[in-house]
2 protein chains.
Amino acid sequence: MAISADTPRAAGSPAPAAAGGTHARGGPPPRYGTRPTMKDVAARAGVGLKTVSRVVNGEPGVTPDTERRVQEAITALGFRRNDSARILRKGRTASVGLVLEDLADPFYAPLNRAVEEVARSHGALLINGSSAEDPERERELALAFCARRVDGLIVIPAGGDHRYLEPEIAAGVATVFVDRPAGLIDADAVLSDSYGGAREGVAHLIAHGHRRIGFIGDRPRIHTAAERLRGYRAAMADAALPVDENWVSLGPTAPERVRAEAERMLAGPRPVTALFTGNNRVTVTALRVIARLPRSVALVGFDDLELADLLSPGVTVVAQDAARLGRTAAELLFRRLEGAGEAPRRVELPTRLIVRGSGELPPAGD
Amino acid sequence: MAISADTPRAAGSPAPAAAGGTHARGGPPPRYGTRPTMKDVAARAGVGLKTVSRVVNGEPGVTPDTERRVQEAITALGFRRNDSARILRKGRTASVGLVLEDLADPFYAPLNRAVEEVARSHGALLINGSSAEDPERERELALAFCARRVDGLIVIPAGGDHRYLEPEIAAGVATVFVDRPAGLIDADAVLSDSYGGAREGVAHLIAHGHRRIGFIGDRPRIHTAAERLRGYRAAMADAALPVDENWVSLGPTAPERVRAEAERMLAGPRPVTALFTGNNRVTVTALRVIARLPRSVALVGFDDLELADLLSPGVTVVAQDAARLGRTAAELLFRRLEGAGEAPRRVELPTRLIVRGSGELPPAGD
DNA sequence: TAGAGCCTGGACAACGTTGTCAAGCAGGGC
DNA sequence: GCCCTGCTTGACAACGTTGTCCAGGCTCTA
């Protein structure tokens, strides 16, 4: 029998699941949108409230016969425990909040999934939201999660000041920052080695003969962007190569800006012969620019891309393990929840240079 | 001043945010992990409980002076409203649950984000989880969300029987299915035109001279997989082309299986000259197989891929608008919540053939 | 058969919030 | 001076669950 989702029921046709009465026999039929409670189940089964609670939670001390009667009442009424009340009473919510930049970003999605898996293995649900790189929105989300009394919070910071979380952390909300460190507070953080990864990637380009290398990255206030730029400069310095500041561009990763900057660096009498791109979004746009050029330009990007191996030439990347970032952060969080009372830790995961050929092009000139 | 995340505080060093007393003056310092309540705020501000509630909720009828005292107490104690209690009292949770197959899948991630955006615009939070294509897990997640009393539920079905949701729907949980229809119940659904899209994609291959076309898709119990196969058969029939059953393969989208099936279809004396792939995961694996072959093989895939335009040849796809699927479903859901009491609707969104060249290869033989 | 002890079941309070309602108070009109 | 009005404020119950505690009935043993 099908049920119409929202058709209001006439008094003469009560919802089948609730037929028989939420209230004592003879009472009015339950209003649409009103759910039966343990009290209703108890009344129907002819037992006490606590007995229903025991059955629902699988607690011992209920005879099989009583249990059967309760189960029948539960099924007949379509009862489902109200976790809000349960949470209120117990204090723990078995849920974790995750604030990231963009749920849809191919870099963060696996991180999201990894956090979900760890949460699931601990019996916790995941609430999440996208900050869209807006500090105020990050704050709103994180505090909304705290109001829901999440047991723990995982944050990919958009802002640079997380003092607003101090009362929450002090109150026991286990908090772990991922991908970027917390601002102005001392807290757990799980990061990738942005500096080392960028340095290695740029060194790869240098090793293949490039001397004029452009760097296009995210906004400078973002920790990873700054670190990767630092890695770029270190690699150039290692090889005693000068850096023309026209080769460096930090800013929003919107395709228009990245395209303009890439085209600028690749134009003129002495263009760069290679690009190092600071994250997956930048890389994709840069690849589109390069694809339209008659000559070949070397590129190494931070973050792996799904089809990077199928492009020709394959795209060399500095890969982060986003899933591992998420997993590590979530595991750290649950260790905290289980009472590991050490000082905040900063975990740094290594990156991996995946050479696929795009860095190995002979330099175009110089 | 930095706060250690989990260091238990000695009695002599109370949490700064709570210093001054959660309880009446002179009482014991608050225990770690215990949060101040409105009662505590009221005591500290020297006002009644309800006045605090009014200030917290911005209700009128509080003098500026009283409000200031309450605000000070809130800040001093680090108070944050407990939404569990609020939800229990009010009955509405301002949250939406989303069950999808895999949070990390590049097809579902934008859908996830779109649902989030709509929820956000309605002031609701998003709880989500991955079913991993396991009906039991789908059920667990959906019911866990219902226990949390989400106002609405968006489900990408893994299973084929959703009667377990009948009591929930009857109790007022607005429920919308996306990508695939509900099983054995009558409910809102937002779908892509899998049949039409596949038919158009396969017709494209036929128009370019292909006569032996393979179809590799997801498990047959999945509605979209079955529909796309139906579209494939229709296109072949339209052109009066015979279908060798060796050209059709439905099953898990694990790379090993897809690779084996693609290699099988492309081997032998009379291989297929083109492949139609049933979703993004299948397409990616098939592209890898094709890339290793000496000869070129045409391919059209269901679902767009991020770098599809940069491959050579570009990959022709039947694109779905995943974000629009999510947005449409979420908007429908909120319309239901606002009381639109019509019969369940099935919305079907069009697909779009994006021609990029991979289908335009001359057939390899025949 | 009586007493002790165990097992089952239920009454009750509490979790933190919000809606209802009534009290207190100041100001103004008569 | 008194009453009425309107505003601010607070006491109280209720939301649905779980933990505590106690009562009653049963079994087992002496």
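Throughout, protein chains are lettered first and strands after them, A, B, ... in sequence-line order, and every chain is numbered starting at 1.
One finds the OG1 atom of T37(A) at 14.5 Å from the CZ atom of R80(A) (value rounded to the nearest 0.5 Å). With values rounded to the nearest 0.5 angstrom, D134(A) atom CG is found 11.5 Å from R139(A) atom CZ.
In this structure, L88(A) atom CG and dT18(C) atom C1' are separated by 13 Å, rounded to whole Å. Residue I87(A) contributes atom CD1, which lies 13 Å from atom C1' of dG16(C) at whole-angstrom precision. The nearest whole Å value for the distance from the CZ atom in R86(B) to the C1' atom in dG16(C) is 12 Å. For R35(B) and dT17(C), the CZ to P distance is 10 Å, given to the nearest whole Å.
Heavy atoms of S53(B) sit under 4.0 angstrom from at least one base atom. Nucleic acid contact for T66(B): sugar-phosphate only, since backbone atoms but no base atoms lie under 4.0 Å from a heavy atom of the residue. As judged by a 4.0 angstrom heavy-atom cut-off over every strand, V47(B) is placed among residues touching the sugar-phosphate backbone only. At the heavy-atom level, D83(A) lies nowhere under 4.0 Å from the strands shown.
Evaluation of atom-type donor-acceptor distances gives a pair under 3.5 Å for the side chain of R54(A) against the base of dG9(C). Put simply, the side chain of K39(B) and the base of dG16(C) share no donor and acceptor less than 3.5 Å apart.
Judged as a salt bridge (charged side-chain N to carboxylate O under 4.0 Å, His left out), the pairs with a partner in residues 113-131 of chain B (not counting sequence neighbours) are, in order, D102(A)-R113(B), R137(A)-E116(B), R137(A)-E117(B), E140(A)-R120(B), R113(B)-E116(B), R113(B)-E117(B).
Nearest nucleotide to the T51(A) side chain, out of dT18(C), dG19(D), dG9(C): dG9(C). For R89(B), the side-chain atoms get nearest to dG19(C) when compared with the rest of dT17(D), dT9(D), dG19(C). Between dG16(D), dT18(C), dG9(C), one nucleotide has an atom nearer to the side chain of K90(B) than all others, and that is dT18(C). In this structure, the nucleotide among dT9(D), dT17(C), dT20(D) sitting nearest to the side chain of K50(A) is dT20(D). You'll find that the side chain of M38(A) is closest to dT17(D), out of dT9(D), dT17(D), dA11(C).
Between F334(A) and H122(A), the ring-plane angle classifies as parallel under the 30° and 60° cut-offs.
Across the helix from dT1(C)-dA30(D) to dC30(C)-dG1(D), the helix axis at one end is tilted relative to the axis at the other end by 60° (nearest 10 degrees, each axis from five pairs).
Under the side chain to side chain contact (heavy atoms under 4.5 Å, CB included) rule, R86(A) has a single partner from T93(A), N57(A), V56(A), which is N57(A). In summary, of the residues considered (V176(A), V150(A), N128(A), L333(A)), a side chain to side chain contact (heavy atoms under 4.5 Å, CB included) with V96(A) occurs for L333(A) alone.
Between S130(B) and L141(B), the shortest heavy-atom distance links the atoms O-CD1, 3.4 Å.
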